[in-house]
Peer 1: 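Pasting a structure below so you can have a look.
By convention in this document, chain letters (A, B, ...) are assigned in the order of the sequence lines, proteins followed by strands, and residues within each chain are numbered from 1.
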Number of protein chains: 2
Amino acid sequence: MKVDVSTPKTRRVTLADVAAASGVSKTAVSLILNNRPDSRISEQTAARVRQTANDLGYRPNLAAQSLRFGKTRTLGFISEQVTVTRFASGMITGILRAAKQHDHTVLMAETFGEEPELRQAIAQMSHREVDGLILGFMDSRLRELPGLESEVPVVLVNGHDTQPRTCIMPDEFAAGSTVAHRLQQAAITRVALIGTHRRATLHPESYPSITRRFAGLTQALAAEGIGITGQWELEDWNPSDGFTATRAMLAGNQPPQALICANDRVAMGAYQALAEHGLRPGIDMPVISFDDEDIAAYLRPALTTVRLPYEQMGEKAVELLLGGQLTADEHLVPMPLIERDSLPARR
Amino acid sequence: MKVDVSTPKTRRVTLADVAAASGVSKTAVSLILNNRPDSRISEQTAARVRQTANDLGYRPNLAAQSLRFGKTRTLGFISEQVTVTRFASGMITGILRAAKQHDHTVLMAETFGEEPELRQAIAQMSHREVDGLILGFMDSRLRELPGLESEVPVVLVNGHDTQPRTCIMPDEFAAGSTVAHRLQQAAITRVALIGTHRRATLHPESYPSITRRFAGLTQALAAEGIGITGQWELEDWNPSDGFTATRAMLAGNQPPQALICANDRVAMGAYQALAEHGLRPGIDMPVISFDDEDIAAYLRPALTTVRLPYEQMGEKAVELLLGGQLTADEHLVPMPLIERDSLPARR
DNA sequence: GTTTGGTGCTAAATGCATTTAGCACCGACT
DNA sequence: AGTCGGTGCTAAATGCATTTAGCACCAAAC
């Protein structure tokens, strides 16, 4: 059964239609429907026109409005990798929610991590005359943004430009304190750091997030009087890396009282290595981590971790863009501790 | 240091500018730049105009074009839950990729699973005059779509309407055969099914995907001569559910030779229960599953699973929308088997 | 009586690209 | 000489909402 469900256009109702139907000029209708303050239209006429507009189901044509105003009530979101993890999703959710609040819609593009794609997406978006542009990155590498000479206001989320530019970052440094303080409360005095980042260690200025995460951690641990038994440098932060590192750590002769994992995936690998060693994560060996990906809740015991607040970051980006004056500041968003079951209760 | 990076608009280059700069009429410029076939403009003039347009960096104003054509070269994507899992992300990626190929951009909205939000999003999008609408659902419940009397062509991804409507579904039934056949190749003759779905069993017509998944499975297993030692009904399909069910299964007296898990999260729970029982997943107990979420690759041993092809489904949605005649058919997209390490090699 | 000030409304211009209808000119043919 | 058919181009209309400038009318004020 082939049913054609493509639909022939019925002509839409225009301002002129409403004007004709209510016997006034287009001007009058426009003034009335937009509630222009000093329009001096009689309340009678106004009521009649409003009624007619309503009956006819009139909605102003957005293309026409855009043409007049040079504004589209649209925001562009260009993301490096939507595909990867829950991160971009959180960002999208925050952006969508905030945009809706401001009666804006969101145009999406993805660069798949490629620079030409990024350039093209930026061109595409400014061509579409978005009122603001949000660039979301997945790792916070410093970068030079191509093709951004255009006139669109821009906010970077989770990344920096070599130019001064408005950007939004998670407060990784403070997160270090959060973790150290929490460990101190659990009366832990010796920890192992599973997973520093090789490239970040080599080029700290290129990986501000990771660098701050560990700087905050080291400083706060020292302040709380917690010793570091060792730290393992990794190329990547996937479960298999965490597994290898933890295994190596366990083969050493300096057993820590708890594990700080670079992120949740590393923690997952740590769980696997601990299990292999007959150690129960969270009981025989407390674990705390960063990010709060989906898997954090899936692990057994569920992982206590410091959340990357992507949703709030997305919201904030919209607020800044639509809220008026954009200044080239860096905005830090706090990272909340998500208490689950991999770290003994405070005492 | 406060640097103002909001940017005052520089007037954009219009067709009239190009016309003036090259000393011809707007008509001529339009004809030339759009390569109108029988425009009878001399090649000399054309070359000159093209040069000027290029020098000035002229780009046609899309609002003006939309106004004329009533087309926006924009697709709307309304998703039930971007937040949840990699699924919507895969869909987005596919849609974005295909849209770009057709030189369209994508407007996003999210319903957060609420019907009023869905209705509003649909209204919003048709108001924005999108050229097509993609509705993406996360569970494939049959549903009645609100506020869809409008004139926009629509494709549903992973869901059905009570109206005849174009929709795209994963080929769950065939996936059942894939799994059964693969098990047969591994010489397995008795399996346990971890996780049928309570609500889906009660209302099969409301959960076509789940229903088909198990119908395909049951039928194909029978055809391959593989026996089912038992199946566990679950309320939800999260790791904790899989854990509970597998534990119950292990307490029984009919040990299977392999586990078929309802999805990857269930499989993750099954891994945990097996480990608790001293059984090594994939070695002492082969496991196969459905979906191919991120965790499938993270598990140890990595999980062999049948992928939900969301990316292809997103692409297909765009192709159908932009490819001309839309018919109210259901399109099935094959689900590929992703071989990893939780099922012994074929022989 | 006529200037002043409201009041209630409208014509026309604007933003920009596209398209229809058609003008002006030239060479060729009758 | 007059007509026909090209060729090369243009003026004006169109799509739609908003805004500026201003018209027509009436009452009050001088």
Peer 1: Taking the cut-offs as 6.0 angstrom to the six-membered ring centre and 45 degrees off its axis, would you call R97(B) and F112(A) a cation-pi pair?
Peer 2: yes
Peer 1: Rounded to whole Å, how long is the line connecting atom CD1 of I41(A) with atom C1' of dC9(C)?
Peer 2: 6 Å
Peer 1: Using modelled atom types only, decide if a donor and an acceptor are shared between the side chain of E80(B) and the backbone of M138(B) within a distance under 3.5 Å.
Peer 2: yes
Peer 1: Could you tell me, to 10°, how much the axis swings from one end of the helix from dG1(C)-dC30(D) to dT30(C)-dA1(D) to the other, five pairs per end?
Peer 2: 90°
Peer 1: Grab the CG-P distance between L67(B) and dT14(D) for me, whole Å please.
Peer 2: 14 Å
Peer 1: Specify the separation, in whole Å, of atom CG of L33(B) and atom P of dT19(C).
Peer 2: 13 Å
Peer 1: For the atom pair OG1 (T14(A)) and OH (Y58(A)), what is the distance rounded to the nearest 0.5 Å?
Peer 2: 7.0 Å
Peer 1: To the nearest Å, how far apart are I32(B) CD1 and dT19(C) P?
Peer 2: 15 Å
Peer 1: May I have the distance from R40(A) (atom CZ) to dA24(D) (atom P), rounded to whole angstrom?
Peer 2: 15 Å
Peer 1: For a side chain to side chain contact (heavy atoms under 4.5 Å, CB included) with M108(A), tell me which candidate from I92(A), I78(A), I95(A) qualifies.
Peer 2: I92(A)
Peer 1: Please determine whether a side-chain nitrogen or oxygen atom of Q65(B) lies at a distance below 4.0 Å from atom OP1 or OP2 of dT18(C).
Peer 2: yes
Peer 1: Are OP1 or OP2 of dA17(D) and a side-chain N or O of N34(A) less than 4.0 angstrom apart?
Peer 2: no
Peer 1: Please figure out whether A64(B) or E43(B) has its closest DNA chain D nucleotide nearer the 5' end.
Peer 2: E43(B)
Peer 1: In whole Å, what is the span from the CG atom of L56(A) to the P atom of dA17(D)?
Peer 2: 12 Å
Peer 1: Using a cut-off of strictly less than 4.0 Å between a heavy atom of the residue and any atom of DNA chain D, enumerate the qualifying residues of residues 16-30 of chain A by number.
Peer 2: K26(A), T27(A), S30(A)
Peer 1: Rounding to a whole Å, what distance do you find between R36(B):CZ and dA21(C):P?
Peer 2: 15 Å
Peer 1: Report which part of the nucleic acid S66(A) touches: base, sugar-phosphate, or nothing (heavy-atom distance under 4.0 Å, all strands).
Peer 2: nothing
Peer 1: Is any side-chain N or O of Y58(B) closer than 4.0 Å to OP1 or OP2 of dC16(C)?
Peer 2: no
Peer 1: Measure CG/L31(B) against C1'/dT20(C) and give the value in whole Å, please.
Peer 2: 11 Å
